[in-house]
Each structure stands twice: as C-alpha cells, then as structure tokens.
A.B. asks: 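Please see the structure below; I have some questions.
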Amino acid sequence: MSAEVRVRFAPSPTGQPHIGNIRTALFNWLFARHHGGKFIVRIEDTDQTRFVDGAIEAILDGLKWLNMDWDEGPEVGGPHAPYEQSNRLELYQRLSEQLLDQGNAYYCYCSREELERLRRSNRESGSYSAGCQCRRSGRAGAVGEPVTDDDRVIRFAMPESGITRVHDLIRGDVEWRNELQEDFVILKSDGFPTYHLAVVTDDHLMEISHVMRAEEWLPSTPRHLQLYQAFGFEPPEFAHLPMITGTDRAKLSKRHGATAIGEYEDQGFLPEALLNFMVLLGWSLDGSTEVVSLQQIIDNFTLDRITKSAAIFDQEKLLWMNGIYIRDLSAEGLANRMQEYIPRTLNAEERHYLRGIAPLVQERLKRLDESDDITAYFFGELAPDYDPAILVQKGMDAPGTLAALQAATDALNTTTPDGDFGHEKLESMLGEVGANLSLSRRQFFGLLRTAATGRTVSPPLFETMEVMGRDRVLARLQEASRKLQPTV
RNA sequence: GCCCCGGUCGUCUAGCCAGGUCAGGAUGCCACCCUUUCAAGGUGGAGAUCAGGGGAUCGAAGCCCCUCCGGGGUACCA
C-alpha cells in the first residue's frame, strides 16, 4: 500500500446535501484523520442539466458546520487544482482519445430510440449482447477529427469475456462477468465526461489511495476497474459504505422529510451531537459506548468496525443525543448558542440575563430552536398574557388564590428589602407562608409559578424567581391579582 | 427480467472472520423512585425462537447449501 492515505469526498452540486452525503464525507474525513492522511473535496459537476445554483456553497457550509476541514479542494486549492470537474474537460477528452486510439473505446451514433429498442430486446431474450452496432460497424472517427460532436458519444468497449473482481475493504471479494456489462458512455456529446470516466481520471491524477463511497456505487465498480486497466493506472482500494435510508428503508430522498443538513442546523441540533450520532450509523466503538468524543472517534476509526447493512436514520435517538450534548455545555456556551436561535437582538444586559437563565433551562432543552419559547417569559416586566383561570389550583377557588397571592406579596415586601433574594431564602420564607395558609406545596407553589411565569410549567420556581429578580416577581404577582380580581 | 449487496429486540448496534455464558449495550415504550410543575437522574420491565429451511459438528447467530424478503444498479444522472 502506498504510504500516504488520500481520500476524497466528491459530491455533485445537484441540490441540498443530505445526511447520506454528509455521512459519506464524515467517514472519509475520519479515515484521513485517523491515518494522518489527506482529505480532498472535489466537485463532480459533469451534468450541466442538473446543476443547482448555490449547491456547492451549501455542501461546503455543511462540512464547515460540522468542522470537517479539507486539505485540498474548493477555496483552499492544492497541487491538483482545479477541483471542479467542469474545469478539467480537456483532461477527460484527451484520455478519451487515448482510449479511442488504443481500441478500448469507440464512437457511438445510436439515437435514444435505437438504444431503447436494443435494451428491450436484450431483456426479452434474456441474453445480453454487449454494445450497439457501432462497436463493429467500422464507423470509427477519422484520425484528427474532433472528439466531440453533437450527435455522437464515446463508449468504452467492455471485454466480451472474463471476470472483473474487486476486493472491497468492507464487503470482501465481489465479482462480475464482463459479458454482462454494457458498453457505457465515457464522453457525452456535449464534450463532458460521464461520472465513470471523470471519477477514474481524477482519482488517479489526484493520487487517491482509498475510494470510500456509498454502496449504490458498487455496481459501477467493474466499469471503473476496467478503465483503470485500459489506462494502465493502478486502481485504488475500494470500500463501499452502507447506505442511510428513510424509515421505509428506501434510499434517502426529498419525500423523507428533513434530510438536508442545513435543516438540522435550523432545528437547533448541535454539530457535535449530529456528528456523534451519524458516525454511529454504520460504525461502532465497542458496541456499548454511544457518546464518543471526536478524538476518541478519530483514534479508533477503522474500516473493520464498519457495518455492512444499511441503517435507518432515527430522529428520536438523535434528539436524545442532542440533549446529552446540550447538557454538557457550560452556561456561557449554552447562552451563546441559544442566542443564535432567539430572533431579536439582545443588548448587553439581556445577554447577561440570558447567561443566568441558561442553566435553568439546560436540562429541559432538546433542541436549540426551543430557546426563544423556553425563555420568553423571563423577559419583559410582566409575563406574557395568560388565562387567569390557570392561576387557580386544584382544590382552590378564586378568592383563596387571591388571598394567597396577597400573602406572598406581603411576605416578599416585608422580609426581603433589597438583600437576599436567593432561592433558598425564598423557599424557606414562602414555604412558611404557604403552610400558614394551610395550602399544599403543590397548590401554593403552583399558583406562584403561574403568577411569576404565566405558565404552568417552568424550571424550579425559586431559582426562576431568583434569576428574574425581586422587582419583576413582585410586578407579576400584582398583575396576577389584578387579572383575578374581576372573577371574584 | 438481469446483475450485485444486505438480513441480530420497533430503531441504532455488540457478538460472526479465529463455533461452547440466560444473545450484551443504547434509544424508544411502560412502571416505580426522586419531586413544587416540566425535565434530568435512578431502578425495574416488556421487546430478537439471531429472515426461514436443511446439512457437517457432542455443540451454530457464527461454518456449508437452498429458499424467502429488503435494498441498490441496470441513463449521453451522479
């Protein structure tokens, strides 16, 4: 094996990168980092009709978001530039000519109708006759003729017998009978190469040591191997990764809901959580450890621990893991991340306030996009409007609730001037008030919670009050009394 | 149709290559504990005759054969 490990992620800019694409990138990146090799990004934009504007940026953004840096490729350049196949056309055309000269390829003038008829009859007869008539017709291009022409393509002439075998690093030996392989197009009539020619050309030129790609590419491997042989290039190692599917076990596509990597960022998933979760789809450290640090992953990322079977992307488990990573953040770190999901701009004072709120909501957050809602009632002098009916606890009535509210307000006013408004003090003091009213903790604290936050669910009451501060809490208790007044 | 890959709790997986503990862990679900709500945490439970069937073996999830099911490919798409 050659000394340096060089792997690549070669996406087509045909849309938003989805989980499957990114997972493939991740495995390549991890493999490179594990071996101290190079990770290369190459843009496979050989289909002009499917090119989507902004797709390249979306792909690169996805890699950056997950902190996967590349050693060669767009933006960073490298010794094998350019890294966009559309800028390497002469290369493919020159190599096509070489194959033509060697007799390994030929011009094909068949129309789509002719080809369809040919394939249909092959299927019906059950036998396969390789290639179209062009292969034997002698209508080869004259020497010196341009390789591109509007109505002809160049096809690779597959051997008519023998076997092509690949030793896949994940699947073991896989072989195909050459006579069953079709003469595939290598250069389209518009002068662009097909995937097969381009990938072999560039993987060789860029000195790729291991081709790690999704399993859907396994059937085209014999074509690539034959190209390597025809060119006299030494083929790289191959490793076909298990696919990630939707819940129906079918290949990921638009109809599977949220699959684009950008959507996960929008929904408030932490990149480190998504990365940890994704690597577990097809790879495991030891079968029992689920939360694994990036360094641990890199240190232990070997091909022999990669699964063969496809995996369903389970959103529920991702959610769980995201919660783990959220709880692992420092208060400062969490506050900073939350801020990005709060639409309005916070001033310095509010940012400091949020820093205090963060620890309270930390273990209640599963996704960062809940940040705005879960902190909403902390801001503002008064709580967001709510139905006064929710102030009245089970087993209580409006007058009783009003009286309890008043007792709490009095206690807060008399016993906490501007000194201790800590949660422990609040708990002992208000606990006593509730007891004197012979209310259960559930009742008394429940109504105080609602009065203070406008909600029936919140972080622990006294810590919430402490963070909110005396003035805000008092204002809200008064507001609660006011709201309740008319109903009495 | 043809070619190729795969098949262990609902889901992600360990174990398979170098046969021999009640097939382990996690998630999700249920229950209980903790508890001022919601979470988080703790404990326990249900959940897989290892796709099915043969075979060699004292012994198979593991090795061999057949079948079934699922997926991928079968484009001048990648």
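Worth knowing before you read on, the calculation uses all heavy atoms, side chains too, and leaves out hydrogens, waters and symmetry mates. Chain letters run A, B, ... following the sequence lines, proteins first, then strands; residues in each count from 1.
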A.B. asks: Any protein N or O atoms within reach of nucleotides 67-72 of chain B? Criterion: under 3.5 Å, listing atom names and distances.
C.D. replies:
unit_1 : atom_1 : unit_2    : atom_2 : d
G72(B) : OP1    : Lys251(A) : N      : 3.1

A.B. asks: Test Gln181(A) against every option in Pro222(A), Ser220(A), Pro159(A) by the side-chain contact (heavy atoms from CB on, under 4.5 Å) rule and name the one that passes.
C.D. replies: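 Single side-chain contact (heavy atoms from CB on, under 4.5 Å) partner of Gln181(A) among Pro222(A), Ser220(A), Pro159(A): Pro222(A).
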A.B. asks: Whole angstroms only, please: what is the CH2-P distance between Trp320(A) and A40(B)?
C.D. replies: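 These atoms are roughly 12 Å apart.
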A.B. asks: Considering only atom C1', compute the distance from C64(B) to A75(B) and round it to an integer number of Å.
C.D. replies: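 It works out to 40 Å between them.
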A.B. asks: Answer with base, sugar-phosphate or nothing: what part of the nucleic acid does Gly282(A) contact at a heavy-atom distance below 4.0 Å?
C.D. replies: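 The residue Gly282(A) makes sugar-phosphate contact but no base contact.
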A.B. asks: Pick base, sugar-phosphate or nothing for Thr46(A), based on heavy-atom distances below 4.0 Å to the nucleic acid.
C.D. replies: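 Thr46(A): backbone/sugar contact only, no base atoms under 4.0 Å.
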A.B. asks: Indicate yes or no: does Asp203(A) engage Arg8(A) in a salt bridge with an N to O separation below 4.0 Å.
C.D. replies: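 Looking at Arg8(A) together with Asp203(A), the answer is yes, because their closest N to O distance falls below 4.0 Å.
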A.B. asks: Quick one: side chain to side chain donor-acceptor pair (under 3.5 Å) partners of Arg305(A), sequence neighbours excluded?
C.D. replies: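 Arg305(A) satisfies side chain to side chain donor-acceptor pair (under 3.5 Å) with Ser284(A) only.
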A.B. asks: Partner of C63(B) by Watson-Crick or G-U wobble geometry, both contacts under 3.5 Å, or none?
C.D. replies: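 Check on C63(B): paired to G55(B), both distances under 3.5 Å.
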A.B. asks: Should Asp314(A) and Lys317(A) count as an ion pair when the cut-off is N to O under 4.0 Å?
C.D. replies: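 Salt bridge flag = no for Lys317(A) with Asp314(A).
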A.B. asks: Base, sugar-phosphate alone, or nothing: which one does Pro242(A) contact when heavy atoms must sit under 4.0 Å apart?
C.D. replies: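 Nothing, no heavy atom under 4.0 Å.
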A.B. asks: Under 4.0 angstrom, heavy atoms only, what part of the nucleic acid is Arg305(A) near: base, sugar-phosphate, or nothing?
C.D. replies: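 It contacts sugar-phosphate atoms only.
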A.B. asks: Classify Pro459(A) by what it touches in the nucleic acid, base, sugar-phosphate, or nothing, heavy-atom distance under 4.0 Å.
C.D. replies: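 Base: the residue Pro459(A), judged by heavy atoms under 4.0 Å, touches a nucleobase.
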A.B. asks: Nearest whole Å is fine: how far is A78(B) P from His196(A) NE2?
C.D. replies: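 Those two atoms, NE2 and P, are 8 Å apart.
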A.B. asks: Could you say whether Gln85(A) or Gly446(A) is positioned toward the 5' end of RNA chain B, judged by the nucleotide with the nearest heavy atom to each?
C.D. replies: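 The residue whose closest nucleotide sits nearer the 5' end is Gly446(A).
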A.B. asks: Specify the separation, in whole Å, of atom CD1 of Ile59(A) and atom P of A78(B).
C.D. replies: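 The answer, rounded to whole Å, is 14 Å.
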A.B. asks: What interatomic distance, in whole Å, is found between C1' of G19(B) and the corresponding atom of A56(B)?
C.D. replies: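 A56(B) and G19(B) have their C1' atoms separated by 12 Å.
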A.B. asks: Would you indicate which nucleotide in G25(B), C4(B), A14(B) comes nearest to any side-chain atom of Thr307(A)?
C.D. replies: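 Comparing G25(B), C4(B), A14(B) against the side chain of Thr307(A), the answer is A14(B).
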A.B. asks: Whole angstroms only, please: what is the CG-C1' distance between Leu252(A) and A78(B)?
C.D. replies: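 Checked: the CG to C1' distance equals 16 Å.
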A.B. asks: Rounding to an integer number of angstrom, what distance separates U36(B) and A31(B) when you compare their C1' atoms?
C.D. replies: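 It comes out at 23 Å once rounded to the nearest Å.
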A.B. asks: Quantified in whole Å, what is the C1' atom distance between nucleotide C22(B) and nucleotide U49(B)?
C.D. replies: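 These two C1' atoms come out 14 Å apart once rounded.
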A.B. asks: Using atom P in both nucleotides, what's the gap between U11(B) and G71(B) to the nearest angstrom?
C.D. replies: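 U11(B) and G71(B) have their P atoms separated by 14 Å.
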A.B. asks: Mind checking who A26(B) pairs with, Watson-Crick or G-U wobble, both distances under 3.5 Å?
C.D. replies: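 Across all strands, the one nucleotide that pairs with A26(B) is U11(B).
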A.B. asks: What's the closest nucleotide to the side chain of Leu180(A) if the choices are A26(B), C76(B), C3(B)?
C.D. replies: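 Looking only at heavy atoms from C-beta outward on Leu180(A), the closest nucleotide is C3(B).
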A.B. asks: Any base atoms under 4.0 Å from Arg119(A), or only sugar-phosphate, or nothing? Heavy atoms, all strands.
C.D. replies: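 Sugar-phosphate: the residue Arg119(A), judged by heavy atoms under 4.0 Å, touches backbone atoms but no base.
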A.B. asks: What is the separation between atom CD1 on Ile312(A) and atom P on G7(B), rounded to the nearest whole Å?
C.D. replies: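 To the nearest whole Å, that distance equals 14 Å.
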A.B. asks: Give me the distance, rounded to whole Å, that separates G24(B) from C16(B) when you measure between the C1' atoms they each carry.
C.D. replies: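 Pairwise C1' distance, G24(B) against C16(B), rounds to 15 Å.
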A.B. asks: Identify whether any heavy atom of Glu290(A) sits under 4.0 Å from a base atom; if not, whether one sits that close to sugar-phosphate; answer base, sugar-phosphate or nothing.
C.D. replies: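 Base contact.
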A.B. asks: C1' atom, A39(B) versus C33(B): distance in rounded Å?
C.D. replies: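 So the two C1' atoms sit 16 Å from each other.
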A.B. asks: What nucleotide among U11(B), G28(B), U36(B) has an atom nearest to a side-chain atom of Arg449(A)?
C.D. replies: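 So the side chain of Arg449(A) is nearest to U36(B).
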A.B. asks: For Leu461(A), report the nucleic acid contact type (base, sugar-phosphate, nothing); a contact means any heavy atom under 4.0 Å.
C.D. replies: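 Base contact.
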A.B. asks: Given U13(B), U36(B), A78(B), identify the nucleotide with an atom nearest to the side chain of Arg441(A).
C.D. replies: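 Minimum distance to the Arg441(A) side chain belongs to U36(B).
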A.B. asks: Strictly by Watson-Crick or wobble contacts shorter than 3.5 Å, is anything paired with A46(B), and which nucleotide is it?
C.D. replies: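 Across all strands, not a single nucleotide pairs with A46(B).
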A.B. asks: Pick base, sugar-phosphate or nothing for Gln443(A), based on heavy-atom distances below 4.0 Å to the nucleic acid.
C.D. replies: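 Here Gln443(A) touches no strand at all.
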A.B. asks: Would you mind telling me which of A26(B), G41(B), C77(B) lies closest to the side-chain atoms of Arg327(A)?
C.D. replies: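 The answer is G41(B).
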A.B. asks: Could you check how far CG of Asn322(A) sits from P of A39(B), rounded to whole Å?
C.D. replies: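 To the nearest whole Å, that distance equals 17 Å.
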A.B. asks: Answer yes or no on whether Arg23(A) is positioned over the face of Phe27(A), meaning its NZ or CZ is under 6.0 Å from the six-membered ring centre and within 45° of the axis.
C.D. replies: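 Yes, a cation-pi geometry holds between Arg23(A) and Phe27(A).
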A.B. asks: Need to verify one output field. Residue with the more 5' nearest nucleotide on RNA chain B, Thr14(A) or Arg23(A)?
C.D. replies: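 Looking at the nearest nucleotide for each, Arg23(A) comes out on the 5' side.
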A.B. asks: Could you tell me the Watson-Crick or G-U partner of C76(B), where both distances fall under 3.5 Å? Say none if there is no partner.
C.D. replies: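 Here C76(B) is not engaged in any pair, so there is no nucleotide opposite it.
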A.B. asks: Does this structure show an ion pair linking Arg213(A) with Glu44(A), if we count only N-O contacts that are shorter than 4.0 Å?
C.D. replies: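 Looking at Arg213(A) and Glu44(A), the cut-off is not met.
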A.B. asks: Regarding Arg152(A) and the six-membered ring of Tyr107(A), is the cationic atom NZ or CZ under 6.0 Å from the ring centre and inside 45° of its axis?
C.D. replies: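 Geometry flag: set, cation within 6.0 Å and 45°.
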A.B. asks: Would you tell me if any nitrogen or oxygen in the side chain of Arg112(A) comes within less than 4.0 Å of OP1 or OP2 on A75(B)?
C.D. replies: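 For Arg112(A), the contact criterion (side-chain N or O under 4.0 Å from OP1 or OP2 of A75(B)) is not met.
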A.B. asks: Would you please classify the geometry between the Phe269(A) ring and the Tyr264(A) ring as parallel, tilted or perpendicular, with 30° and 60° separating the classes?
C.D. replies: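 Tilted, since the angle between the ring planes falls between 30° and 60°.
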A.B. asks: Salt-bridged, Asp369(A) to Arg367(A), with N to O below 4.0 Å?
C.D. replies: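 Looking at Arg367(A) together with Asp369(A), the answer is yes, because their closest N to O distance falls below 4.0 Å.
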A.B. asks: Rounding to a whole Å, what distance do you find between Lys308(A):NZ and U13(B):P?
C.D. replies: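 Spelled out: NZ on Lys308(A) to P on U13(B) is 13 Å.
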A.B. asks: Could you pull out all residues at least two apart from Glu113(A) that satisfy side chain to side chain donor-acceptor pair (under 3.5 Å)?
C.D. replies: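 Partners of Glu113(A) under the side chain to side chain donor-acceptor pair (under 3.5 Å) test: Ser111(A).
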A.B. asks: Any idea which of U27(B), G7(B), U11(B) is nearest the Lys317(A) side chain?
C.D. replies: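 So the nucleotide nearest the side chain must be U27(B).
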A.B. asks: Just compare G25(B), G6(B), C12(B) and give me whichever is closest to any side-chain atom of Ser288(A).
C.D. replies: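 Side chain of Ser288(A) sits closest to G25(B).
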A.B. asks: Once you apply a heavy-atom cut-off of 4.0 Å, does Phe184(A) come out as touching a base, just sugar-phosphate, or nothing?
C.D. replies: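 Since no nucleic acid heavy atom lies under 4.0 Å of Phe184(A), the category is nothing.
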A.B. asks: Salt bridge (charged side-chain N to carboxylate O under 4.0 Å, His left out) with Arg327(A): which residues, sequence neighbours excluded?
C.D. replies: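 Testing Arg327(A) for salt bridge (charged side-chain N to carboxylate O under 4.0 Å, His left out), a comparison that skips the adjacent residues, returns none.
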A.B. asks: Would you indicate which nucleotide in U13(B), G6(B), A78(B) comes nearest to any side-chain atom of Ser284(A)?
C.D. replies: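 Nearest listed nucleotide: U13(B).
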A.B. asks: Please measure how far the C1' atom in A23(B) lies from the corresponding atom in G41(B), and state the result in whole Å.
C.D. replies: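 It comes out at 29 Å once rounded to the nearest Å.
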A.B. asks: Could you list by number each residue of residues 361-374 of chain A showing a heavy-atom separation from RNA chain B of less than 4.0 Å, or answer none if no residue does?
C.D. replies: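 Under 4.0 Å from RNA chain B: Glu363(A), Arg364(A), Lys366(A).
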A.B. asks: For the residue pair Tyr92(A) and Asp202(A), what are the closest heavy atoms and their distance?
C.D. replies: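 Tyr92(A) and Asp202(A) have their closest heavy atoms at OH-OD2, 2.6 Å.
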A.B. asks: Under the rule for side chain to side chain donor-acceptor pair (under 3.5 Å), what residues qualify as partners of Glu116(A), not counting sequence neighbours?
C.D. replies: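 Glu116(A) satisfies side chain to side chain donor-acceptor pair (under 3.5 Å) with no residue once adjacent residues are dropped.
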A.B. asks: What does Arg171(A) touch in the nucleic acid at a heavy-atom separation under 4.0 angstrom: a base, only the sugar-phosphate, or nothing?
C.D. replies: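 Sugar-phosphate contact only - Arg171(A) comes under 4.0 Å of backbone atoms but never of a base.
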A.B. asks: Using a strict threshold of under 4.0 Å (side-chain N to carboxylate O), is an ion pair present between Arg364(A) and Glu370(A)?
C.D. replies: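 No salt bridge links Glu370(A) with Arg364(A).
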A.B. asks: Please report, rounded to the nearest Å, how far the C1' atom of A14(B) is from the CG atom of Asp304(A).
C.D. replies: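 Whole-Å distance recorded here is 14 Å.
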